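Just so it is clear, the structure is predicted and the values come from calculations on it, not from any experiment. Remember, it's 1-based here, ligands and their atoms both numbered in the order they're listed.
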Amino acid sequence: MRESDRELYDRAVAVAERAYAPYSRFHVGAAVRAADGRVFEGVNVENAAYPLGVCAERSALTRAVTDGCKPGDLEAIGITASPCGGCRQWLAEFQLRRVIYKSPAGEVVSATPADLLPDTFEL
Ligand code: THU
C-alpha cells in the first residue's frame, strides 16, 4: 500500500475519536484526499431519530463537495470500517480511485469502488 494511503487511513483513525455515536457507540472516521492534496475528514453523526444519522464517509465527502470538489477530483479515502451499502454508492458516484478501509477481518485493505459495488447503474 502507498505510504500516502496509509497516512490517510491513519487520519481517519485519529478523527474517529470525534464521532457522535451515542446510540451505536460505533465510532467511524473517514479522510478523503483530493488530487490537489487537500484532505477532508468526516465522522459519523447519529441522531435520536435513528435513520437521520449520517455515516463518516458521507460527512467527509460532503465537506469535500462543499469546498468545491467534484466527481473525479478525489483520489483516495481512508475509512475505519467497511463501508455500508449506501456509502459504496457514494464512493462510486464520486469516482474515488482507491478506498482504504478496515475489513471485517481487521486488515487494512485497498479496493476500488467497482470492487465494492459492481455493476452500478448509469442514468
Ligand atoms: N457507519 C459509518 O459511519 N460508516 C459505515 O460505512 C458503516 C456504518 C456508522 C453509522 C452508524 O452511526 C454506526 O456506524 C453504526 O452503524
Side-chain angles (χ1 to χ4, degrees):
M1 183 176 304
R2 300 169 195 217
E3 201 181 317
S4 57
D5 284 359
R6 184 72 216 195
E7 283 168 12
L8 199 59
Y9 179 79
D10 290 343
R11 292 228 3 203
V13 170
V15 78
E17 186 186 307
R18 300 212 287 269
Y20 176 71
Y23 306 106
S24 72
R25 300 188 189 282
F26 189 68
H27 288 212
V28 185
V32 186
R33 194 182 56 246
D36 63 13
R38 285 178 295 167
V39 174
F40 304 93
E41 296 175 333
V43 294
N44 53 329
V45 181
E46 297 185 345
N47 193 279
Y50 291 178
L52 298 182
V54 63
C55 289
E57 298 90 318
R58 282 183 245 185
S59 34
L61 289 167
T62 301
R63 288 181 88 178
V65 172
T66 303
D67 276 21
C69 294
K70 302 212 162 6
D73 293 344
L74 303 172
E75 199 162 282
I77 183 169
I79 313 164
T80 63
S82 179
C84 77
C87 285
R88 291 175 189 223
Q89 181 68 40
W90 271 59
L91 297 171
E93 178 78 22
F94 287 99
Q95 300 166 18
L96 273 294
R97 288 173 218 159
R98 296 181 305 285
V99 182
I100 299 93
Y101 67 98
K102 191 174 205 176
S103 76
E107 291 166 68
V108 180
V109 295
S110 181
T112 65
D115 294 330
L116 297 170
L117 189 69
D119 291 336
T120 49
F121 66 92
E122 278 183 37
L123 289 178

**OP:** Output, in order, the C-alpha distance, side-chain angles, deciding distance and verdict of salt bridge (Lys or Arg N to Asp or Glu O under 4.0 Å) for R33 and E7.
**Re:** CA-CA 10 Å; R33 194 182 56 246; E7 283 168 12; over 6 Å; no
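- When the heavy atoms of Y101, F26, W90 are ranked by distance to atom 14 (O) of ligand 1, first place goes to F26.
- Distance check for atom 16 (O) of ligand 1: every protein heavy atom is found at 4.0 Å or beyond.
- Separation of atoms OG1 (T62) and CH2 (W90) is listed at 4.0 Å; rounding is to 0.5 Å.
- For the pair V99 and S110, the minimum side-chain heavy-atom distance is 4.5 Å or more.
- Heavy-atom distances between A19 and ligand 1 stay at or above 4.0 Å for every pair.
- Where the criterion is an N or O separation shorter than 3.5 Å, residue side chain and backbone included, S24 fails it with respect to ligand 1.
- Annotation for R63: atom CZ does not count as buried by contact number, only 12 or fewer foreign heavy atoms lying within 6.0 Å.
- Those atoms of ligand 1 that come under 4.0 Å of a heavy atom in E57, given as number and element, are 2 (C), 3 (O), 4 (N), 5 (C), 6 (O).
- Of all protein heavy atoms, the one lying nearest to atom 9 (C) of ligand 1 is N44 ND2, 3.5 Å.
- Here S82 has backbone heavy atoms under 4.0 Å from ligand 1, and that is the only part of it that gets that close.
- In this structure, Y23 and Y20 have perpendicular ring planes: the angle between them is above 60°, well past the 30° mark.
- Considering backbone and side-chain N/O of C87, none are found under 3.5 Å from N/O of ligand 1.
- Regarding atom 8 (C) of ligand 1, its nearest protein heavy-atom neighbour is C55 SG, 4.1 Å.
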**OP:** In sequence, state the C-alpha distance, the side-chain angles, and the governing distance for T120 and Q89, and then conclude on side chain to side chain donor-acceptor pair (under 3.5 Å).
**Re:** CA-CA 8 Å; T120 49; Q89 181 68 40; 6.0 Å; no
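- The single protein non-hydrogen atom nearest to atom 3 (O) of ligand 1 is A56 N, 2.9 Å, given as residue, atom name and distance.
- Of all the atoms in ligand 1, the ones that sit under 4.0 Å from a non-hydrogen atom of E46 are 11 (C), 12 (O), 13 (C).
- Residue C84 has at least one N or O atom closer than 3.5 Å to an N or O atom of ligand 1.
- Atom CG of residue L52 and atom CD of residue E46 lie 11.5 Å apart, to the nearest 0.5 angstrom.
- For the pair P83 and ligand 1, a heavy-atom separation below 4.0 Å is found.
- No side-chain heavy atom of L74 sits less than 4.5 Å from a side-chain heavy atom of Q95.
- In this structure the side chain of S103 never reaches within 4.5 angstrom of the side chain of S82, judged on heavy atoms.
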